[in-house]
Amino acid sequence: MCGRFIQSTHADQLAKRFNLLAMPDLTPRYNIAPSQPVLALRMTEPGQREAMSLRWGLIPAWSSEPRTAYSTINARAETVAEKPTYRQAFRQRRCLIPADGFYEWRNVGSRKQPYCIAPVNGRPLAFAGLWDRWERDGQVVESCTILVTQANALIARIHDRMPVILDPKDEAAWLDPTITDPAVLKPLLAPCPVEWLRVWSVSTAVNTTRHDGPELMAPLQVGLDL
DNA sequence: CCAGACGTTGTT
DNA sequence: GTCTGG
DNA sequence: CCAGACGTTGTT
DNA sequence: GTCTGG
């Protein structure tokens, strides 16, 4: 799955990578946790891409409270087109979530060892995401979820699920609001090639959400790598 | 019909 | 064990 | 995802 | 809102 990730690329670099006209000021973040704000990209009317900040953990528009009684930080690619919580968003409110890496935990006996996974080429990845807008009594909460799929052979050493990392050539289609056919969209949600990513073990400092900095990505020097 | 869920993962 | 907060 | 709380009353 | 279970 995907329960922590990194957004560290500067605004100007992101604007170039994702063809954005404007970007808000960004603070690099190395330990984004559920419930926190996430930078996401969506399509606006004249076909422009727009950056926005979304709460991580999708709150459906029909929810009575601006929260859910269950976890919506991830949506399974295999079933996202049918699930009541995600179906409308899947057809109408898809987004890209830029990421410079993510963390997964491997069970080692009774211990849990965190690993960092990041792009080999150093360029930001795009997670496939969905967003929704919740509104009651003038209170507005925009929120998102990250799609997950079967782990590729690299990630499978750690965990059996991983975020959907889109092929850059599919990013425009994922954002295109005129595409609503699951038969067209679902093939974009395959596990990414192992060649795009590298994996290494990191300190359990990442476990604590108040820790945030590039040091969280530092490789462990004690031979826990896979 | 109404009531109640609506999710993912891991573990047993 | 389970829920909430980050 | 992990970490940390998980309760009530009365007093300051 | 929409689907499932009773």
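Order of the sequence lines sets the chain letters (A, B, ...), proteins ahead of strands, with each chain counted from 1.
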Exercise for the section: Give the rounded distance in Å between these two atoms: CG of A:Leu130 and P of B:dC6. Expected result: 18 Å

Completion exercise
Separation of D:dC2 atom C1' from A:Lys112 atom NZ, nearest Å, is 8 Å

Exercise for the section: Look at A:Arg161 and B:dT9 and indicate whether a side-chain polar atom (N or O) is within less than 4.0 Å of OP1 or OP2. Expected result: yes

Handout entry: salt bridge (charged side-chain N to carboxylate O under 4.0 Å, His left out) partners of A:Arg76, counting only residues at least two apart
Key = A:Glu78

Exercise for the section: Scan A:Val206 against the nucleic acid and name what it touches under 4.0 Å (heavy atoms): base, sugar-phosphate only, or nothing. Expected result: nothing

Handout entry: All pairs passing side chain to side chain donor-acceptor pair (under 3.5 Å) where residues 59-71 of chain A contributes a residue, at least two apart
Key = A:Tyr70-A:Thr85

Practice task
Check salt bridge (charged side-chain N to carboxylate O under 4.0 Å, His left out) between A:Asp167 and all other residues, then give those that pass, not counting sequence neighbours.
Solution key: A:Lys169

Exercise for the section: Can you run down the side chain to side chain donor-acceptor pair (under 3.5 Å) pairs that involve residues 14-24 of chain A, sequence neighbours left out, and say none if there aren't any? Expected result: A:Arg17-A:Glu171

Problem - For DNA chain D, the dot-bracket pattern of Watson-Crick and G-U pairs whose distances stay under 3.5 Å, | for other-strand partners - result: ||||||......

Problem - Euclidean distance, atom CZ of residue A:Phe102 to atom P of D:dC1 [Å, nearest integer] - result: 14 Å

Practice task
Linking directly or through intermediates, with side-chain heavy atoms under 4.5 Å: list the remaining ILVMFWY members grouped with A:Leu21, chain and number order.
Solution key: none

Fill in the blank from the handout: Here the salt bridge (charged side-chain N to carboxylate O under 4.0 Å, His left out) pairs for residues 122-133 of chain A, sequence neighbours left out, are A:Arg93-A:Asp132, A:Arg133-A:Glu135, A:Arg133-A:Glu142

Practice task
May I ask you to say what A:Ser35 touches in the nucleic acid, namely base, sugar-phosphate or nothing, with a heavy-atom cut-off under 4.0 Å?
Solution key: base

Exercise for the section: Could you verify whether a donor N or O on one side chain and an acceptor N or O on the other, from A:Trp196 and A:Asn152, lie under 3.5 Å apart? Expected result: no

Practice task
Please work out if A:Ile73 contacts a base, only the sugar-phosphate, or nothing of the nucleic acid, heavy-atom cut-off 4.0 Å.
Solution key: base

Review item, nucleotides 3-5 of chain D N/O atoms under 3.5 Å of protein N/O:
unit_1, atom_1, unit_2, atom_2, d
D:dA3, OP1, A:Asn207, ND2, 3.3

Practice task
Find the distance A:Gln92:CD to E:dG1:P and express it as a whole number of Å.
Solution key: 14 Å

Exercise for the section: For A:Ala61, report the nucleic acid contact type (base, sugar-phosphate, nothing); a contact means any heavy atom under 4.0 Å. Expected result: nothing

Problem - Any pair counted as ring-ring contact (aromatic ring centres under 6.0 Å, His included), so long as it reaches residues 10-50 of chain A, sequence neighbours left out - result: none

Practice task
To the nearest Å, give me how far apart NZ (A:Lys83) and P (B:dG7) are.
Solution key: 5 Å

Give each protein N/O atom lying under 3.5 Å from an N/O atom of nucleotides 3-6 of chain E, with the pair distance.
unit_1, atom_1, unit_2, atom_2, d
E:dC3, OP1, A:Arg87, NH1, 2.9

Problem - Length of the CG-P vector between A:Asn74 and D:dC2, whole Å - result: 12 Å

Problem - Residues that A:Tyr86 engages under ring-ring contact (aromatic ring centres under 6.0 Å, His included), provided they are two or more places apart - result: none

Problem - Counterpart residues, salt bridge (charged side-chain N to carboxylate O under 4.0 Å, His left out), relative to A:Arg29 (two or more places apart) - result: none

Handout entry: Nearest-angstrom distance from the residue atom OH of A:Tyr70 to P of B:dG7
Key = 6 Å

